[in-house]
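Okay, structure first, notes after.
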2 protein chains.
Amino acid sequence: MAVSPKNPFGAYIREKRESLRKKDRRFSLRQVAARIGVEPSYLSKVERGENAPLSEEKIKLLARELDEDQDVLLALCGKIGADVQEVIRKRPLLFARLIRDLKNAPDHAVLRILREVRDGKW
Amino acid sequence: MAVSPKNPFGAYIREKRESLRKKDRRFSLRQVAARIGVEPSYLSKVERGENAPLSEEKIKLLARELDEDQDVLLALCGKIGADVQEVIRKRPLLFARLIRDLKNAPDHAVLRILREVRDGKW
DNA sequence: TAAACTGTATACCACACAGTACACGAAAAG
DNA sequence: CTTTTCGTGTACTGTGTGGTATACAGTTTA
């Protein structure tokens, strides 16, 4: 196992960036790197999956830049947004249990709960 | 601000351990440290809040040892269990949104949802 | 064809994390 | 009163995180 793990995040954003680039030259690696505030060489490593972690802040900027969902990109990096974490940490007994109980629930069940909550059912 | 931040985790487990120790001498710092697998000097630093982080594994062992809830102790350390994190990372669109929407929900509302889920309402 | 721009290779960095190893003086137990 | 146990002070360690700085060759662009 001398080969690197190659998490899918790098490949994913590279593909998305290059697809945007076909329509707009401002989506070169260098220019995107400049807009999210990292060195081009570093974003290059990120896109090639060379174990170059991005901070939550940079991931969010990148999500805005590439028109992707920030939670999805964070998840691809093995992270969870600090705001979401805070909700859980403030009431761990309630939320840790709720999430574990929903682990195997099908999407439509979670969606139904989401809608209930959004309808202000409390 | 030369004083350390003193997060409440250390004080909390120290109090709990010393309370158990009054009834059972096996709850000395040294013996508890041995049972959870760290050096006594390190647990000492932990209990005094000297910026000595415990790994998730050790926190769980400590929770069992002190008869505390693991999610609560993890939360006091600013952490969230890896199993809970995994649930969110596998379906970030659903779970990140659900948790954010429940951020300001009162306990009883979350509890009601918990009961619904446990009653197998999907 | 010269200038600008592109992606990447290499070297380096500070700090956080999660500890170990050992010595010490005080207290408790025998 | 000696031995054991106790909590703590100090020094050190390897790995992960989150990057910067610079140089370089290939490709566009004017």
Side-chain angles (χ1 to χ4, degrees), chain A residues 1 4-7 9-11 13-63 65-66 73-74 76-82 85, chain B residues 4-7 9-11 13-63 66 73-74 76-82 85:
Chain A
M1 267 189 210
S4 55
K6 296 283 181 192
N7 71 324
F9 174 71
I13 64 165
R14 162 151 292 186
E15 201 165 350
K16 182 63 184 282
R17 184 183 57 75
E18 290 187 341
S19 118
L20 290 171
R21 192 176 181 238
K22 284 174 190 166
K23 309 277 172 184
D24 189 339
R25 307 192 319 301
R26 292 168 53 258
F27 286 93
S28 73
L29 183 147
R30 268 171 185 271
Q31 294 191 38
V32 171
R35 288 201 292 279
I36 72 172
V38 298
E39 291 293 313
S41 60
Y42 196 68
L43 183 56
S44 175
K45 291 185 75 172
V46 169
E47 288 197 354
R48 283 170 304 136
E50 301 256 328
N51 194 24
L54 278 183
S55 66
E56 177 171 343
E57 187 202 350
K58 311 288 187 188
I59 294 168
K60 287 181 179 173
L61 289 171
L62 189 58
E65 204 61 47
L66 301 184
L73 291 198
L74 284 169
L76 283 173
C77 293
K79 307 196 185 204
I80 293 169
Q85 289 189 48
Chain B
S4 56
K6 295 285 180 189
N7 73 323
F9 174 71
I13 63 165
R14 162 150 293 185
E15 201 165 350
K16 182 63 184 280
R17 184 184 57 76
E18 289 187 340
S19 119
L20 290 171
R21 192 177 180 240
K22 284 173 190 167
K23 309 277 172 187
D24 189 340
R25 306 191 321 298
R26 292 168 55 257
F27 286 94
S28 74
L29 183 148
R30 270 171 184 271
Q31 294 191 38
V32 171
R35 288 201 293 277
I36 72 172
V38 297
E39 291 293 312
S41 60
Y42 196 68
L43 183 55
S44 174
K45 292 185 75 172
V46 170
E47 288 197 353
R48 282 170 306 140
E50 302 255 329
N51 195 26
L54 278 182
S55 67
E56 177 171 342
E57 186 203 350
K58 310 290 186 187
I59 295 168
K60 286 181 179 174
L61 288 171
L62 190 56
L66 300 184
L73 290 198
L74 284 168
L76 283 172
C77 293
K79 308 197 184 202
I80 293 169
Q85 288 190 48

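A note on names: the letters A, B, ... follow the listed sequences, proteins ahead of strands, and every chain is numbered from 1.
Atom-to-atom, CD of Glu18(A) to P of dG7(C) comes out at 8 Å; the value is rounded to the nearest Å. One interatomic measurement links the two molecules: CG of Leu62(B) to P of dG19(C), which rounds to 12 Å at whole-angstrom precision. The CZ-P distance, from Phe9(B) to dC17(C), rounds to 14 Å in whole Å. Residue Glu50(A) contributes atom CD, which lies 16 Å from atom P of dG7(C) at whole-angstrom precision. The CG-P distance, from Asp24(A) to dT6(C), rounds to 12 Å in whole Å. Distance, Lys79(B) NZ to dC17(C) P: 8 Å, rounded to whole Å. As rounded to whole Å, 16 Å separates atom P of dA4(C) from atom CZ of Arg25(A). Straight-line distance from the CD atom of Glu47(B) to the C1' atom of dT8(D): 12 Å, rounded to whole Å.
When all heavy atoms of Leu54(A) and Val38(A) are compared, the pair lying nearest together is CD2-CG1, 4.4 Å. The two atoms that bring Phe27(A) and Arg21(A) nearest to each other are O-CD, 3.6 Å, heavy atoms only.
Between Ser28(B) and dC6(D) there is a side-chain polar atom (N or O) within less than 4.0 angstrom of OP1 or OP2. Proximity of Lys58(B) to the phosphate of dT20(C): no side-chain N or O atom is located under 4.0 Å from OP1 or OP2. At dT20(D), none of the side-chain N or O atoms of Lys45(A) fall inside 4.0 Å of OP1 or OP2 (strictly under the cut-off). Side-chain nitrogen and oxygen atoms of Arg48(B) include at least one within less than 4.0 Å of the OP1 or OP2 phosphate oxygen of dG9(D). For the OP1/OP2 pair of dT6(C) and a distance below 4.0 Å, the side-chain nitrogens and oxygens of Arg17(A) include no atom meeting the criterion.
With DNA chain C read from its 5' end, the first of the two nearest nucleotides for Glu56(B) and Arg14(A) is the one closest to Arg14(A). Both Phe27(A) and Asn51(B) lie near DNA chain C, and the one whose nearest nucleotide falls closer to the 5' end is Phe27(A).
Using modelled atom types, one side-chain atom of Lys16(B) and one backbone atom of Leu66(B) make a donor-acceptor pair closer than 3.5 Å. Formation of a donor-acceptor pair under 3.5 Å by the Arg17(B) side chain with backbone atoms of Glu47(B) is not found in this model. The backbone N or O of Gly81(B) lies less than 3.5 Å from no partner atom in the side chain of Lys60(B), so there is not a single donor-acceptor pair.
Of the residues in residues 30-43 of chain B, those with a non-hydrogen atom less than 4.0 angstrom from any atom of DNA chain D are Arg30(B), Gln31(B), Pro40(B), Ser41(B).
In this structure, Lys22(A) does not pair ionically with Glu18(A), as no charged nitrogen and carboxylate oxygen lie closer than 4.0 Å. The pair Glu50(B)-Lys45(B) does not count as a salt bridge, with every side-chain nitrogen at least 4.0 angstrom from each carboxylate oxygen.
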